[in-house]
Structure formats: structure tokens, C-alpha cells
Amino acid sequence: MSTGRAQALQSLVAQLQLEQLEKNLFRGTSTDIGAPAVFGGQVLGQALMAAARTVDGHAAHSLHGYFLRAGDKAAPIVYDVDRIRDGASFTTRRVVAIQHGEPIFHMSASFHRREEGVSHQCTMPEAPPPEDLTPRAGPRVRVEGPIEFRYVDPRDPVTAGPRPPHSQLWLRTADALPDDPLLHQAMLAYASDYSFMGVAMQPHGLAFQQPGVQGVSLDHAMWFHRDFRCDDWLLYDADSPSAEHARGFCRGALFDRAGRLVASVAQEGLIRVRR
């Protein structure tokens, strides 16, 4: 692992901790990863951390967020948490991310007191182990980033041409993380937004880096099914069953190396091609 990656991860961990301004107000900063605006995964992770800082005894099991405006990478982000409900089994929070006096993102998150119940899951799809794959940076991702990716199909999306709307990659943080389950959830929320919408572009031979192609995340939803560590390899299996009216829909499943389904993801994004 390079020094640059370790420093990038340390910086991200610090950013996810947030500064508490008031009982329900938190402030975060941004890192420029090469995208034109604040990276959506960063806002997801920070919003989840802000919500969880107001919850006791319950763990996050789902979040649903909408990206409203492009974030300013040079300005801090204020997270305003609304304590909608505190229940015996479930707790609900609403978070609004604000910059320059306007909301750029809002999210609802639900937290559940751990309890025993029925259990089943889908089978983990076949994929080569990460040790057999070559490290590669994802679209719009600087090489020295906090997350390490191993793509099953490492073709350059700019030159690959049309291909089926399916993607597999392994991901993990560049170094070990503290034993804080919330931090691992926030880190996975961060990582889950990398290259996700690109799956919906694959059947059309499009890529973020191509001139005239505009890709913007509209929303993002996650469900946390089982405990996991984001500093150990997770398989991210994603597909896009539909694209219509300039919106591409993607869904993903994350498995640990033991084959346990640890999280599910869904996202719709705006895809415009300006001829």
C-alpha cells in the first residue's frame, strides 16, 4: 500500500467524523477526487454519520437519499438532522445537507434495534478472487484514493464500446479501519457510489469522460443486511435493468468473501448525450 493511499484514507476517516455545531447540526469538509462537484458518496457517508450521531442503541439498516444540487468542493457542508421518531425497535432520522443557504441533498435513514428472526439470502455470483485481478482506478477516481478497486473486466470504458449492463468489482479500503461498525457502513456508502451509474452507460458505449456525456446521480438507496468490514474485500455485483427518458437505473449487491450478502444498493441517474 502506498503512502498516498494511506493518507487519503486517514483524511476520509477524519472527514466522516464531522464537527458538531449544535445538538442536531454537523459540519463536514470535502476532498476533490477529480469530479466536477462534491462526490456524492462523500455526502452519503457524511449524512449517515450525522444521523447516527443522534441515535443510541440502534444500528443503521437503510438509507434513501436525493441529490438536489451540485456541491461546492471549496465550501463546507452543514448537515441538519431532524429527529423524526425514536421508537423501541426503530428510529428514523431525516438529514438535509446545506451549502450557501440552500439544500444540496436530503436523506431519510432508519435504525433498528438488533433482534433475531428469519434468515435467507441469494447466492453469491461467481467471480475470480481479487488476488487474480489487477488494481485499477475507477472512472473519475484518482489512483491514490482511499478505496482499492479490482475490476473483473478492467477495460477502459471510453474505448470499450457497447457491452451488457453488468459489472463486477472487488473493493476495500486502502488500510485497516477502527472497529466501529458505523464507520464501516459510512465507508461502504461512500464507496458504493463509485462507477455505479456507469453500468447504465455500458450498453450504449458511453462513459463519463467522453465529450458531450453528462452523468449525474439523482438518488441513492442502501440496505445493510449483515455485519461486515469495509477493510476486507467485498464483491460489488451491479446491473442496470432499464434506461429510459434520460434516466438510467442501477442496482447492486455486495458480498463478503464468505459469500454473505452484506448490503444492497439502488440508484437512478441522469444520462444526457449532447450531440
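What you are looking at is a predicted structure, and each value in this text was computed from that prediction instead of being measured.
Every residue two or more places apart in sequence or in another chain was checked for a salt bridge (Lys or Arg N to Asp or Glu O under 4.0 Å) with Asp56, and none qualifies. By the side-chain contact (heavy atoms from CB on, under 4.5 Å) test, Ser62 pairs with His64, Ser110, Trp223, sequence neighbours left out. Among residues two or more places apart in sequence or in another chain, the salt bridge (Lys or Arg N to Asp or Glu O under 4.0 Å) test is passed with Asp80 by none. Arg113 meets the salt bridge (Lys or Arg N to Asp or Glu O under 4.0 Å) test with no other residue; sequence neighbours excluded. The side-chain contact (heavy atoms from CB on, under 4.5 Å) check on Ala74 picks up Asp72, with sequence neighbours excluded. For the side-chain contact (heavy atoms from CB on, under 4.5 Å) test, residues two or more places apart in sequence or in another chain that qualify with His106 are Tyr66, Leu68, Val96. With sequence neighbours left out, Asp180 forms a salt bridge (Lys or Arg N to Asp or Glu O under 4.0 Å) with no residue at all.
Side-chain rings of His61 and Phe224 stay apart, their centers remaining 6.0 Å or farther from each other.
In this structure, Val55 and Thr91 approach most closely via the heavy-atom pair CG2-CG2, 3.9 Å. Here the closest non-hydrogen pair linking Ala266 and Phe196 is C-CE2, 4.0 Å. Taking each heavy atom of Pro36 and Lys73 in turn, the nearest pair found is O-CE, 3.7 Å. Residue Pro165 comes nearest to Pro203 through the heavy atom pair CB-CG, 3.6 Å, listed as atom of the first residue, atom of the second, then distance. Shown here for Gly71 and Ala37, the closest heavy-atom pair between the two residues is O-CB, 3.4 Å. In plain terms, the two heavy atoms of Ser195 and Tyr151 that are nearest each other are OG-OH, 3.3 Å.
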- Asp237 and His166: side-chain contact (heavy atoms from CB on, under 4.5 Å), yes or no, with the steps? CA-CA 8 Å; Asp237 186 270; His166 178 244; 3.0 Å; yes
- Message: Quick one, Ser167 with Gln202, criterion side-chain hydrogen bond (donor to acceptor under 3.5 Å, both in side chains). Give me CA distance, side-chain angles, the key distance, then yes/no.
- Response: CA-CA 9 Å; Ser167 171; Gln202 290 178 186; 4.7 Å; no
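To the nearest 0.5 Å, atoms OH (Tyr190) and OG1 (Thr173) are separated by 11.5 Å. Going from atom CH2 of Trp233 over to atom CG of Leu133 covers 8.5 Å, rounded to the nearest 0.5 Å. With rounding to the nearest 0.5 Å, the separation of OG in Ser108 from CG in Leu63 is 9.5 Å. The distance from atom CG of Asn24 to atom CZ of Arg83, rounded to the nearest 0.5 Å, is 4.5 Å. In this structure, Arg172 CZ and Phe149 CZ are separated by 12.5 Å, a value rounded to the nearest 0.5 Å. The structure places CG of Leu254 at 12.5 Å from CZ of Arg226, a figure rounded to the nearest 0.5 Å.
Residues Asp153 and Arg163 are paired through a salt bridge, judged by an N-O separation under 4.0 Å between the basic side chain and the carboxylate.
The side-chain heavy atoms of Asp256 and Arg229, taken from C-beta on, include no pair separated by under 4.5 Å. Put simply, the side chain of Phe228 reaches to within 4.5 Å of the side chain of Gln185, judged on heavy atoms. By the 4.5 Å heavy-atom criterion applied to side chains, Val38 and Gln46 are not counted as neighbours. Using a 4.5 Å heavy-atom threshold, the side chains of Leu183 and Pro178 count as touching. Contact check for Met187 versus Leu12: side-chain heavy atoms found under the 4.5 Å cut-off. Contact annotation: the side chain of Leu169 never approaches that of Arg150 to less than 4.5 Å [non-hydrogen atoms, C-beta and beyond]. Taking the side chain as every heavy atom from C-beta outward, Val213 and Met201 approach each other to under 4.5 Å. The shortest side-chain heavy-atom distance between Val265 and Tyr236 falls under the 4.5 Å cut-off.
Arg53 contributes a side-chain N or O that, together with a main-chain N or O of Gln17, makes up a donor-acceptor pair within less than 3.5 Å.
In the hydrophobic clustering of this structure, Val95 groups with Ile77; members are Ile, Leu, Val, Met, Phe, Trp, Tyr whose side-chain heavy atoms approach within less than 4.5 Å, directly or through other members. Under the 4.5 Å side-chain heavy-atom criterion for ILVMFWY residues, a single connected hydrophobic cluster contains both Met49 and Met222. The hydrophobic clustering, which links ILVMFWY residues whose side-chain heavy atoms are closer than 4.5 Å, places Leu18 and Met107 together. Val199 and Leu171 fall into different hydrophobic clusters, defined by Ile, Leu, Val, Met, Phe, Trp and Tyr side-chain heavy atoms under 4.5 Å apart, directly or through other members. Under the 4.5 Å side-chain contact rule for hydrophobic residues, Leu188 and Leu182 share a cluster.
With no hydrogens or angles considered, a side-chain donor-acceptor pair links Asp193 and Gln267 at under 3.5 Å. Counting only N and O atoms by type, the side chains of Asp179 and His184 include no donor and acceptor under 3.5 Å apart. Inspection of the Gln42 and Ser30 side chains reveals an N or O donor paired with an N or O acceptor under 3.5 Å.
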Using atom types as modelled, flag every donor-acceptor pair under 3.5 Å from a side chain in residues 118-130 to any protein atom, sequence neighbours excluded.
{"from": "Gln121", "atom 1": "OE1", "to": "Leu261", "atom 2": "N", "distance (Å)": "3.0"}
{"from": "Gln121", "atom 1": "NE2", "to": "Gly259", "atom 2": "O", "distance (Å)": "2.9"}

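The salt bridge (charged side-chain N to carboxylate O under 4.0 Å, His left out) analysis of residues 246-255, with sequence neighbours excluded, yields the pairs Asp239-Arg251, Arg247-Glu268. Applying the salt bridge (charged side-chain N to carboxylate O under 4.0 Å, His left out) definition to pairs two or more places apart or across chains, those involving residues 84-102 are Arg69-Glu102, Asp82-Arg94, Asp86-Arg93. Counting only residues at least two apart or in different chains, ring pair (Phe, Tyr, Trp, His ring centres under 6.0 Å) contacts with residues 237-264 are absent. The salt bridge (charged side-chain N to carboxylate O under 4.0 Å, His left out) analysis of residues 10-23, with sequence neighbours excluded, yields the pairs Glu19-Arg27.
Ring planes of Phe67 and Phe105: tilted class, angle from 30 to 60°.
Heavy-atom neighbours of Glu116 CD from other residues, nucleotides or ligands within 6.0 Å: at or below the threshold of 12.
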